[in-house]
Amino acid sequence: MKEEGKHKKAKKYGMVINLDECTGCGACMVACMAENNVPFKEDESSKLDSIAWMRVYKLTNGKSYPEADICYLPRPCMHCEGDHGHSPCVSVCPATATDYNHETGIVSQIYTRCFGCRYCMAACPYHARYFNWWDPVWPEGSTKYLSPNVSPRMRGVVEKCSFCFHRYQLAMDKAYLEGRTELEEDEYQTSCTQACPAGAITFGDLNNPEHKVHQLAKPDNKHGGRPGNPNVFRLLERLGTNPKVYYMSSREWVRQAGDNYLDNEDFAKNYRH
Amino acid sequence: MKIGRRSFLSFVIGGVAGTAITPLPWKLMDDSSIWSQNWPWTPVPPDGEYSQVNSVCTLCPGGCGITVRKVDDRVVKIEGMKGHPINDGGLCLMGLSGLQLLYGPTRVKTPLKRVGKRGEGKWEKISWDEAISEVTKKLADIRSNGESHAVGSIVDSESGTVPNLFKRFLTAYGSPNFMTVPSIQDSYGMTLQLMQGVSAQAGFDAENADFILSFGSGIIDGWGSPVRMFKANSAWKANGKKVVQIEPRLSNTAAKSDKWIPIKPGTEAALALGLANVIITNSLDSKKISQSTGFDSFKKLVQNEYSTDKVSKITGITSATIVSLAKNFARASKPLAICGKGQGSIPGSLNEFMAVHALNALVGNINKDGGVWAVTETDYIKWPKPEMDSIAENGMQKERIDGAGSEYPHTKSLLNRLAEVINSGDGSLEALFVSGANPLYSMPDSKAIKNAFDNVPFIISFSSYMDETASNADLILPNHVYLERYEDVPTLAGLSKPIVGLARPVVKPQFNTKHVGDVVMLIAKALGGGMADAFPWESYEACLKETLGVKWDVLVEKGFEFNGDKCMLEGDFNFYPEAMKSLSDFSPVSVEGSAISYPLILIPYDSIRLANGYIGDPPFAIKAVEDTVLKGKTACVEINPKTGKELGLTEGRYAFLHTPRGKAKVKVHLYEGIMPGIVALPRGLGHTAYDKYLAGKGCNFNELIGPAEDPVSGLDAAWGIRARLTKV
């Protein structure tokens, strides 16, 4: 009984991104960079070393003109639950620099513990992790806009999306001060969710049936949070990473692009959403 | 001990092996990297007291409300203002990266006077007093020579107190040459003037429309007020409303629409009239409207000249598609047709605007919910006319240098003609003010503009940033950036309910800059006489407070106020204004260049991630640009794989892009979403000024194209140019 009461309290913060509404404008990327003191350098066109906690990918349906179609897909950290918190990156980190928080479901990244072995980057199937190959350099005067809520990273460590965990901490601090232990849905929202001009991102507690994310994704917690909504899918579902970022699309080719299928495989039959 | 060959070799090999095996060098290397990792060059942002200030973003004409987060006196984040009627919490990536403009390396930190050659980048820092007396001396000389009309100004818009201070300054000084940066608002304004007889702007009740037919408008690429359109687009999706996008390239807007219909570029007006023909022939038009002036002539025009088959040939769209599109559009309960390509920075062909507007009238959605409203801004600027002395009177009677009001009687400003008039020797300017604009970058045919500017002896830039125009000026009098100053921000941008917002200082000026409004007044006061009397205010802030009157308190409190009226139809709709006669023999706006030497057609495309006006992309924004748009220092052009195959160009190959106006090195990106035979290049790249994060990346589309004058409005109607791609 006691155990159950504890479980009820645990949050599982997650995101549903509506790809029908996403316009690919990139506001989420910049909102994230501005919120999290993400550095930049002169040339950012090599996307392998261009640090973007949130990156918007462009998908194409592979058809010829005029049947061609494109769709944008914003990719934050998926905060994989894996098997009981054994997300791919957490399992391999030799420094306990990345950890699965069972209270919130958020995968952390602790820069001062990280010694830059990059096992986590190799383990992450979503390319959500970035390595600081250089020390960050801000042009003269530009350090003034750095937020004190997020520590700037030094060379030699890995960084990634934290679901704006500092916002959770600030909101919890405020709640405690007001004598509450629970947060309202709108008290804790990530920077990208808030900024999205199209309102395509929904963020909240997947375990809370009153939260919009739960209603949209209809996660099946018996099966790793698999979405119950037929238009909702997760990236690389069949890997079993159980990500907490869900995507929603009315177009079949987009849903199909969320996982790898063999050429002769029947998508309709094998599609696991 | 004798050192033999054998012992020598053992010593060397042993040494090498020993050094490699000993952990010492590795340990030292590791230690030094860890040690240097902890050097204090990674900043630790100081904590402090948190606060929030509401203001307005002025980076584009969209007028979004912003909430700025501060820690002590530092600004750390810009967010969209919740509850604001335009953006309600959302914000685009430019607005979000605004702090990089405030604190960034591109700021002009103090008044600068050119010492080297123009554009050489050699400046002398001067005081504000010196700067103002410098300008005053020049202007007094020009005025006493009776050349007052040879002073001009280029300003970002015509509404609001700052542009009106410039206008007032020129009026009291004696020059009619108040020029503004052109956009589709000019074309829409003129369309409403000609067809509805009202002096108003088009306001689109987009949120309530249920069938949106867009003739190439970048609904989610930055058209109108961008965040508002994003929100409208999401609402359409949620409520199952239909969007049809007509353009030759699968833009983001086209990809998100319900149907993308590729069209031969430049033939949009023909399609609109072809649709009108189907609607009238099938009696699907609104019955009331057939009583309107010119309806019979219009009917005759579309029935005789725009039969479905003919339009199909012109536009490349199948007859069946045209017919079903027309029927679906007319049968929708709240259809809305919009035009103005991309972000709407090129005014475009007036025929196209009139044809599309006629389509709206045909389905009876003028001044209706979900339709097009004629809206006017409430003019809260009620300054008494300035006293004009004889020089001013004389100067104001001269014709404008750009031909607006004379050669083109209906147009207010024709910045696109300035370069040609100066270069051909038909007119000249002695001095030019540039504020909130960067014409050397953003106007078509950059080379010609540069030539023209070289012929203007005195150029004063009020830019806050070292942009292309500022770096080619003689004097820079840097304005505060929007986060450091008060300013009224009237927003039309296609809103059906225009609003006015108040930008206010969220942080004290970071450098030795001055509000442009104050500077204009200081110059006027230094000129003395009637000029000084025309500006009775103590400061810009005093002027703004007095001008806004009761509005001031509301704006300070709320940040915005609705500021406009919907004007009712006066008289009736005129379907066939004189200007439409040219449509009786349709020919698309011609593209420059011969088809033989330039077999392809180059069109620009707009991306919300690339700013292409006065403001250049801040580092965060340029970081967000995809590597299929910009790679290293080279811009990518999109071509259809079929075109690529014909030219022997594969993905990622370098190529030269030639047009009759210029040449640029580009990278090839094969894209199935573009019509064969067309090359698309993004706008907003190829800056030569600003900082190292932006300068020298890609090529400027405006260097490759020239303007094309619309026969009726005189505004720029160029939508593309002929081009050739060759292997490097």
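Within every chain, numbering begins at 1; the chains are lettered A, B, ... in the order of the sequence lines, protein sequences first and strands thereafter. It should be emphasised that the depicted structure is a prediction, and the values quoted were computed from it without experimental measurement.
Looking at A:F233 and A:V254, their side chains come closer than 4.5 Å, going by heavy atoms from C-beta outward. Residues B:L610 and B:V625 have side chains in contact (heavy-atom distance under 4.5 Å, counting atoms from C-beta outward).
Within a 6.0 Å radius of CD in A:E178, other residues, nucleotides and ligands contribute more than 12 heavy atoms. B:K633 NZ: more than 12 foreign heavy atoms inside a 6.0 Å radius.
Only the side chain of B:R69 comes within less than 4.5 Å of a heavy atom of chain A; its backbone N, CA, C and O stay farther away. Residue B:M675 touches chain A through both its backbone and its side chain, counting heavy-atom pairs closer than 4.5 Å. Interface remark: B:D47 contributes backbone and side-chain atoms alike to the contact with chain A (heavy atom separation under 4.5 Å). Residue B:V75 touches chain A through its backbone alone, counting heavy-atom pairs closer than 4.5 Å. With a 4.5 angstrom heavy-atom cutoff, B:W236 does not touch chain A via any of its atoms. Using a 4.5 Å cut-off between heavy atoms, A:N18 does not touch chain B at all. With a threshold of 4.5 angstrom between heavy atoms, B:Q510 approaches chain A through side-chain atoms but not through N, CA, C or O. Looking at A:T143, both its backbone and its side chain come within 4.5 Å of chain B, counting heavy atoms on both sides. Within the 4.5 angstrom heavy-atom criterion, only side-chain atoms of B:K77, from C-beta onward, approach chain A. When heavy atoms are compared at a cutoff of 4.5 Å, A:C196 approaches chain B solely by way of its backbone atoms N, CA, C and O. For B:P46, the part lying under 4.5 angstrom from a heavy atom of chain A is the backbone only. For chain B, no part of A:L170 is nearby; none of its heavy atoms comes within less than 4.5 Å. Heavy atoms of B:K70 lying under 4.5 Å from chain A are absent altogether. Using a 4.5 Å cut-off between heavy atoms, B:S36 contacts chain A through both its backbone and its side chain. For B:K642, no part lies near chain A; criterion is any non-hydrogen pair under 4.5 Å.
Residue A:D135 is tested with A:R155, A:R153, A:K41 for a salt bridge (Lys or Arg N to Asp or Glu O under 4.0 Å); the sole match is A:R155. When each of A:Y168, A:F163, A:F165 is tested with A:Y188 by the rule ring-ring contact (aromatic ring centres under 6.0 Å, His included), just one qualifies, namely A:Y168.
The shortest non-hydrogen separation linking A:Y247 to A:P74 is OH-O, 2.6 Å. For B:V629 against B:P682, the heavy-atom pair with the smallest separation is CG1-CG, 3.8 Å. Shortest non-hydrogen contact noted between A:P76 and A:I17 is CD-CD1, 4.3 Å.
Relative ring orientation between A:Y65 and B:W260 is described as perpendicular, the plane-to-plane angle rising above 60° on a 0-90° scale split at 30° and 60°. Using bins of under 30°, 30° to 60° and over 60° for the plane-to-plane angle, the ring pair A:W133/A:F131 lands in the perpendicular bin.
Listed options A:V137, A:V150, A:D69 were ranked by heavy-atom pairs under 4.5 angstrom with chain B; first place goes to A:D69. With respect to chain A, the highest number of heavy-atom pairs below 4.5 Å among B:M229, B:K231, B:R609 belongs to B:R609. Comparing B:R74, B:K237, B:K623 by how many heavy-atom pairs each has under 4.5 Å with chain A, the most go to B:K623. Chain A forms the most heavy-atom pairs under 4.5 Å with one residue out of B:P226, B:S97, B:G90, B:A255, and that residue is B:A255. When each of B:A624, B:P105, B:G632, B:P641 is scored by its heavy-atom pairs under 4.5 Å with chain A, the top score falls to B:G632. For the options A:R251, A:E140, A:R55, A:E67, heavy-atom pairs under 4.5 Å to chain B are most numerous at A:R251. Per-residue heavy-atom pair counts under 4.5 Å with chain B were compared for A:P39, A:G156, A:S142, A:C71, and the maximum is reached by A:S142. When A:S64, A:A52, A:G141, A:G116 are compared by the number of non-hydrogen pairs under 4.5 Å with chain B, A:S64 comes out ahead. Per-residue counts of heavy-atom pairs under 4.5 Å with chain B were compared for A:M33, A:M154, A:M29; the largest is that of A:M33. Comparing B:T42, B:L93, B:I674, B:T253 by heavy-atom pairs within less than 4.5 Å of chain A, the highest count is held by B:L93. Per-residue counts of heavy-atom pairs under 4.5 Å with chain A were compared for B:P619, B:G104, B:A621, B:P618; the largest is that of B:P619.
A:K174 forms no cation-pi arrangement with B:Y50, by the criterion of a distance under 6.0 Å to the ring centre and an angle within 45° of the ring axis.
In this structure, A:E21 CD and A:I201 CD1 are separated by 11.0 Å, a value rounded to the nearest 0.5 Å. To the nearest 0.5 Å, atoms CD1 (B:I622) and CD (A:E42) are separated by 12.0 Å.
Look at B:E207 and B:R228 and you find a salt bridge, because one of the NZ, NE, NH1 or NH2 atoms lies within 4.0 Å of a carboxylate O, short of that distance.
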